[in-house]
Amino acid sequence: QVQLVESGGGSVRTGGSLTLSCGPTTYMHSEYCMGWFRQTPGNQRERLGTFYFGAGGHSRYSDPAKGRFTISQDNAKSTVYLQMNGLKPEDTATYYCAAAPNRWCGGHLLPQSAVDYWGQGTQVTVS
């Protein structure tokens, strides 16, 4: 059973930065890829990006995340991060990391329907 734990949410001023963490991912690399999503009340979860562990790690981003958000992993390869810069009030949401079988991440963003495991969510508030 995979359990993903997120941390790093909080409140930040417009234009500020936050880095969210998700892990542990140590034993997932051969079977799973990772995704970051966010959700606001009354709306569906929005895809932000996908991280594929193969060949040192590859990231792919949705339009809302391009240029401001970066997905990476630590040197120990046990944690995946979502670094968010230039935050705006419309980025206020609950952020989730997710894991899905590798076949869902090849060449495209991870679809929500393919996710096997979700983190508990962490709130980000930008004002």
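When a residue number appears, it is its place in the shown sequence, counting from 1. As the structure is a computational prediction, the values presented were derived from the model and not from experiment. Side-chain atoms are counted along with the backbone in the values below, which use heavy atoms only and exclude waters and symmetry mates.
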Audit row: Thr50, Trp104, side chain to side chain contact (heavy atoms under 4.5 Å, CB included) steps and yes/no: CA-CA 10 Å; Thr50 297; Trp104 291 105; over 6 Å; no
side-chain hydrogen bond (donor to acceptor under 3.5 Å, both in side chains) partners for Thr40, two or more places apart: Asn43
Shortest non-hydrogen contact from Ala98 toward Val115: CB-CG1, 3.6 Å
For Glu46, salt bridge (Lys or Arg N to Asp or Glu O under 4.0 Å) partners two or more places apart: Arg38
Residue pair Val80 / Phe53, side-chain heavy-atom distance below 4.5 Å: yes
By side-chain contact (heavy atoms from CB on, under 4.5 Å) - contacts of Ser17 (at least two apart): Asn85
Salt bridge (Lys or Arg N to Asp or Glu O under 4.0 Å): pairs with one or both residues in residues 51-64, sequence neighbours excluded: Asp63-Lys66
Pairwise side-chain contact, Leu109 with Tyr61, heavy-atom cut-off 4.5 Å (strictly under): no
Non-neighbouring partners of Lys88 that pass salt bridge (Lys or Arg N to Asp or Glu O under 4.0 Å), sequence neighbours left out: none
Validation row: Leu87, Phe69 side chains within 4.5 angstrom (heavy atoms): yes
Glu90, CD atom: more than 12 neighbouring heavy atoms under 6.0 Å: yes
Set of residues satisfying side-chain contact (heavy atoms from CB on, under 4.5 Å) with respect to Asn102, sequence neighbours excluded: Cys33, Tyr52
